[in-house]
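In this chain, numbering begins with 1 at the start of the sequence shown.
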Amino acid sequence: MEVGAAGFERRLSRLRSRLRRAAFLALDMEFTGLHSTFPQNNEPSLFDSPVERYLKARRSVQRFTVTQLGLAIFSNENSNKYVVHSYNFFLFPSTLGVTDVEFTLSASSIQFLSHYGFDYNKFLKDGIPYMNEVQEEILSQHLLAGSWKVSSALDRDVLKKAIDEVTCWIAAAEEEETMVLRDLSGYQMFEVQLVLRQALQNVWTQPLGHKKVMVKKVSPEHRRLLENSPYDYCQKELILLSARGFTNLFQTLVKAKKPLVGHNMLMDLMHLHDKFYRPLPESYEEFKRNIHNLFPVLIDTKTVTKSIWKKCPFPRVSNLLEVYAVLCSNLNPKDPTCPVIALASDCSRYAEKKSPHEAGYDAFLCGSVLLKSAHLLLCRSTDDAVEADPSFSQYLTVLAEYLNKVNFIRGGVSSINFSGEDAPCQHPPLLVVHVRGWPGLNERQIYQEFKALCRFDVRRLSNNQFILLSNKFKHVRRVLQDYKHHPHLRVSIYRHWRHSPRVNCLLQVSGIVALWSLVAFVLGGAPCCSF
């Protein structure tokens, strides 16, 4: 189901109720870009430690924004049947406040989403607003002080037209006479009322349902009475409620403390923190603590399926849709203990049509992959037949070793552990490339040299030496074999004591010190002539 700004508020109460009753939630997000190329060398690398990768990703999250958030609510209605309500929320940064939000578009990401049918008109015209706690505090202070301003040029034009209409009308109007302003959308409903009340002391305003505001000419005494009324629809709390938009649902999600499922979900978690909670901290450890406090139970299906793929003779697949297809084909749908996954009637489109890279569909796939993976693990954990109708708590038990471990793509650890220490990754040995007779070679040229054979990440070690790191042992063996007799590139296993510039520098200094000590000893110990 697609949800935009126009229908979000009326669905909020039901969404909150479904969140509270859910067994677990699955999440997926689409962005205006993934990895920022600013500054240079911001691309992810196998050399990255978790801290280095976090700082790189933090810069990207600060530059890009969320276009669509998919949320699949899995409810364990009866026995082992899960009913899924899957939603596509189109999001757009709040424009009500004192600062205008800036974000970057990545051409490749925009092209990718367009190819899969993403509707940018809904993102731009009907995106649900949102803000984090810092932005909300700033808006709250300015509303209290009456110093807020309109950021949107479009809203400024609408406001100017409304003010012109009211000032022309009010000169001839009698007290208690009214007029209606039409075609106001979103924040314009609040902005028009705030501006008119601030500019004209003898008017009162009140919303009249969809896109309309009533303006009434009143006496100053009547105006004061209305301002103190509890039924004023332009109170600060109501304005903040509207400006928070999707953040209202995010806060319910946090309070519900349901297991949150994603697939390669690190960037999703970083955007959740930055856009709806607080700006991302500089400290990696603080980020981990914050996320664990917000979502005590995280399950990354990439982490789970990577482990299953090592144990089961499944065909190797890369994307989420293929993982789902493989698991469906390897689990017997007639097995009475197998979880039954049914889409709710108002979200049944995904039962008829595949929609890859649509956030709501990917969230549905992600939750389904979790249930099927957990059932497979449960079947393998016991020699006896699985009891009828296994509960979700049983699935969580067999998933215990994967909880809170979010996949770390191509880096120094295999996963980020949000409830403990990160475990180091077992990479193949480093290779060192010594260049002879090929001056001026840089990292990019070295990468291009080996690209056709296999994939390595490259770092310069010295003027004529480079380090290569791969995540596949077979690539290391292939390069050592194929470059054994290369005329310009000598490739060997990296040995710290032999190749490290620091070690070499220390050895050179030690050698010089030892040499001078020897010279001093020889000269100082020479026999003196006696007379």
So do [Y] and [X] actually touch side chain to side chain, heavy atoms under 4.5 Å?
X: D300; Y: M265; result: yes
X: L480; Y: V476; result: yes
X: L489; Y: H434; result: no
X: I291; Y: Y277; result: no
X: L298; Y: Y402; result: no
X: K474; Y: R477; result: yes
X: H142; Y: I138; result: yes
X: V61; Y: K275; result: yes

### Task
Apply side chain to side chain contact (heavy atoms under 4.5 Å, CB included) to the pair F456 and H475, showing each step before the final yes or no.
CA-CA 8 Å; F456 281 87; H475 289 173; 4.3 Å; yes
N/O donor-acceptor pair under 3.5 Å between [X] side chain and [Y] backbone:
X: R58; Y: L280; answer: yes
X: N293; Y: R289; answer: yes
X: T397; Y: S393; answer: yes
X: E52; Y: S49; answer: yes
X: H488; Y: R436; answer: yes
X: S329; Y: A325; answer: yes
X: T301; Y: L370; answer: no
X: D422; Y: N417; answer: yes
X: R59; Y: S36; answer: no
X: H273; Y: N290; answer: no

### Query
Checking side chain to side chain contact (heavy atoms under 4.5 Å, CB included) against E2, which of F89, Y87, F90 comes through?
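That would be F90; it is the only one of F89, Y87, F90 passing the side chain to side chain contact (heavy atoms under 4.5 Å, CB included) with E2.
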### Partner of Y284 by side chain to side chain contact (heavy atoms under 4.5 Å, CB included), out of E286, E282, K288
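The passing option is K288.
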Geometric class of the [Y]/[X] ring pair [parallel <30°, tilted 30-60°, perpendicular >60°]:
X: H375; Y: Y395; answer: perpendicular
X: Y483; Y: F450; answer: tilted
X: Y82; Y: F392; answer: perpendicular
X: F276; Y: F246; answer: tilted

Closest non-hydrogen atom pair between [X] and [Y], with its separation:
X: F47; Y: D457; answer: CE1-O, 3.5 Å
X: Y350; Y: N88; answer: OH-ND2, 2.8 Å
X: V3; Y: I128; answer: O-CD1, 3.7 Å
X: R455; Y: S470; answer: O-OG, 3.6 Å
X: R53; Y: S45; answer: NH2-O, 2.9 Å
X: V84; Y: A72; answer: CG1-CB, 4.0 Å

### Task
List the steps and the verdict of side chain to side chain contact (heavy atoms under 4.5 Å, CB included) for V433 and Q465.
CA-CA 5 Å; V433 179; Q465 288 183 319; over 6 Å; no
More than 12 heavy atoms of other groups within 6.0 Å of [X] [atom1]:
X: K306; atom1: NZ; answer: yes
X: N463; atom1: CG; answer: no
X: K354; atom1: NZ; answer: no
X: E102; atom1: CD; answer: no

What's the spacing between [X] [atom1] and [Y] [atom2] if we round to 0.5 Å?
X: F418; Y: N404; atom1: CZ; atom2: CG; value: 8.5 Å
X: L266; Y: I409; atom1: CG; atom2: CD1; value: 8.0 Å
X: N121; Y: D126; atom1: CG; atom2: CG; value: 10.5 Å
X: L399; Y: K405; atom1: CG; atom2: NZ; value: 12.0 Å
X: L320; Y: H357; atom1: CG; atom2: NE2; value: 9.0 Å
X: S60; Y: R63; atom1: OG; atom2: CZ; value: 8.5 Å

### Query
What's the verdict on side-chain hydrogen bond (donor to acceptor under 3.5 Å, both in side chains) for E449 and Q445, showing C-alpha distance, side-chain angles and the deciding distance?
CA-CA 6 Å; E449 170 69 24; Q445 290 167 312; over 6 Å; no
### Message
H263 vs D28, test: side-chain hydrogen bond (donor to acceptor under 3.5 Å, both in side chains). Steps then yes/no.
### Response
CA-CA 8 Å; H263 190 80; D28 184 73; over 6 Å; no
### Task
Please report the C-alpha distance between S109 and E30 in whole Å, then the side-chain angles of each, then the deciding distance to 0.1 Å, and finally whether the side chain to side chain contact (heavy atoms under 4.5 Å, CB included) criterion is met.
CA-CA 9 Å; S109 293; E30 303 295 341; over 6 Å; no
### Task
Test D362 against L365 for side chain to side chain contact (heavy atoms under 4.5 Å, CB included), laying out the working first.
CA-CA 5 Å; D362 284 355; L365 291 183; 4.1 Å; yes
### Query
Taking the six-membered ring of F466, is the NZ or CZ of R459 close enough (under 6.0 Å from the centre) and on axis enough (within 45°)?
no
